[in-house]
Each structure stands twice: as structure tokens, then as C-alpha cells.
Amino acid sequence: MRRSASLAGSRFAEVFPETFAAFHWHGDTFSLPTGAIPLDSSEACANQEFIYEDRVVAVQFHLETTPQSAQALIENCGDELDASSYVQSEPEIINNTDCFAAIEPILMALLDAFGHQSARS
């Protein structure tokens, strides 16, 4: 994923790295709501994430994914792994443990950013 320059100045600016590989499991996309600031994009999906009024963060990927939850997705929704462009195979998902380790700190930083806002409110 490539972070947008629009993130500069946001309280979430330190949360998301310049580039990172997030876990995806979706076949749909969305248009940005009026007033939303786009944050991330990828080759497969133009809108991956946005911020609204610097208090709402919407993501089209799964920072909460662990190897166990990815395995559960495969067991329950594996028929969606259709070998099309941008869709990984089961072994590619399961063997990519670096991805899960890399996204956990991003999730924790995002939750911390929300926690700091709540403390100031």
C-alpha cells in the first residue's frame, strides 16, 4: 500500500508507514464520502482507507488478522480464493507470517491514536 500525502497534519500521521503490506480479503470497493481524505491506495484498489474529520478512520483491509483468523477465513470462505489477479493462494496466505507480524503494531498504533483522542475529549 502507498500512503497518501493527505495524511500529513493528521493525528494519524504517525500510525501508518509510508508503505506496508496489509491483509486483504475483499472483492468490493467503495467511493469516498464527501469530505473524506483518502489515505492509502494499492494497485488493486484505488481507495483502501480514508479519514473523515480527523476522527473516523475507515479501512478496506484487515489489520486485526492473525495466522489463526486467516486460517479460519480459508476454512470458511476458501471458495473465494479464485486464483484471479491479486488473490493469493491458501499456501501464500498461510506462509506469509511476516505480514501478520508487521500489521499488528499498526493496529496497536491506530487504537492508541483513538485512545489519546478520547483522553483529551
Side-chain angles (χ1 to χ4, degrees):
M1 307 243 293
R2 293 175 309 275
R3 185 179 67 186
S4 167
S6 301
L7 190 57
S10 167
R11 67 187 170 110
F12 300 104
E14 300 302 316
V15 170
F16 298 98
E18 193 65 37
T19 62
F20 63 100
F23 184 80
H24 296 85
W25 192 289
H26 62 266
D28 299 316
T29 190
F30 58 89
S31 298
L32 294 175
T34 302
I37 299 170
L39 297 184
D40 292 300
S41 64
S42 70
E43 188 176 316
C45 195
N47 295 316
Q48 288 284 359
E49 176 182 27
F50 66 84
I51 291 178
Y52 181 75
E53 295 184 359
D54 210 40
R55 61 182 176 87
V56 175
V57 177
V59 299
Q60 171 99 350
F61 47 86
H62 298 275
L63 295 174
E64 78 283 1
T65 308
T66 63
Q68 297 80 12
S69 65
Q71 183 62 49
L73 275 168
I74 291 166
E75 289 170 8
N76 293 288
C77 304
D79 60 315
E80 296 175 12
L81 300 177
D82 63 7
S84 61
S85 297
Y86 309 111
V87 176
Q88 293 180 312
S89 67
E90 177 179 342
E92 288 173 316
I93 293 170
I94 297 304
N95 294 326
N96 190 4
T97 56
D98 290 345
C99 173
F100 305 119
I103 59 178
E104 182 181 11
I106 299 170
L107 174 61
M108 294 299 112
L110 179 60
L111 294 173
D112 284 346
F114 277 113
H116 291 272
Q117 177 63 24
S118 296
R120 289 184 286 202
S121 297

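A continuous path of ILVMFWY side-chain contacts below 4.5 Å connects Met108 to Leu110, so both sit in one hydrophobic cluster. Following chains of ILVMFWY side-chain contacts shorter than 4.5 Å, one cannot reach Val56 starting from Leu111, and the two form parts of different hydrophobic clusters. Using a 4.5 Å cut-off between side-chain heavy atoms of Ile, Leu, Val, Met, Phe, Trp and Tyr, with links allowed through other members, Leu107 and Ile103 fall into the same hydrophobic cluster. A continuous path of hydrophobic side-chain contacts links Leu32 to Tyr52 [ILVMFWY only; heavy atoms under 4.5 Å].
Under the side-chain hydrogen bond (donor to acceptor under 3.5 Å, both in side chains) rule, His24 has a single partner from Gln88, His62, Gln48, which is Gln48.
Taking 4.5 Å as the limit, every side-chain heavy atom of Glu90 sits out of range of all side-chain heavy atoms of Glu75. Phe20 places a side-chain heavy atom less than 4.5 Å from the side chain of Ile106. In this structure, Ile93 and Leu73 have side chains that are not in contact, with every pair of non-hydrogen atoms separated by 4.5 Å or more.
The shortest heavy-atom contact between Ala46 and Ser41 is O-CB, 3.1 Å. The shortest heavy-atom contact between Val15 and Ala109 is CG2-O, 3.7 Å. Taking both residues in full, the closest heavy atoms of Cys99 and Ala22 are given as SG-C, 4.1 Å, listed atom of the first, atom of the second, then distance. Across Glu80 and Val87, no two heavy atoms sit closer than the pair O-CG1, 4.2 Å. The minimum heavy-atom distance linking Ile51 with Phe12 is given by the pair CD1-CD1, 3.5 Å. The two atoms that bring Tyr86 and Glu43 nearest to each other are OH-OE2, 3.0 Å, heavy atoms only.
Among pairs with a residue in residues 91-111, those fulfilling side chain to side chain donor-acceptor pair (under 3.5 Å) read Ser89-Glu92, at least two apart in sequence or across chains.
Separating the CZ atom in Phe100 from the CD atom in Gln68 is a distance of 9.0 Å, to the nearest 0.5 Å. For the atom pair Leu81 CG and Ile74 CD1, the distance stands at 6.0 Å (nearest 0.5 Å).
A distance of 6.0 Å or more separates the ring centres of Phe61 and Phe23.
Between the side chain of Asn47 and the backbone N or O of Phe30, at least one donor-acceptor pair lies under 3.5 Å. A side-chain donor-acceptor contact under 3.5 Å links Gln60 to the backbone of Asp28.
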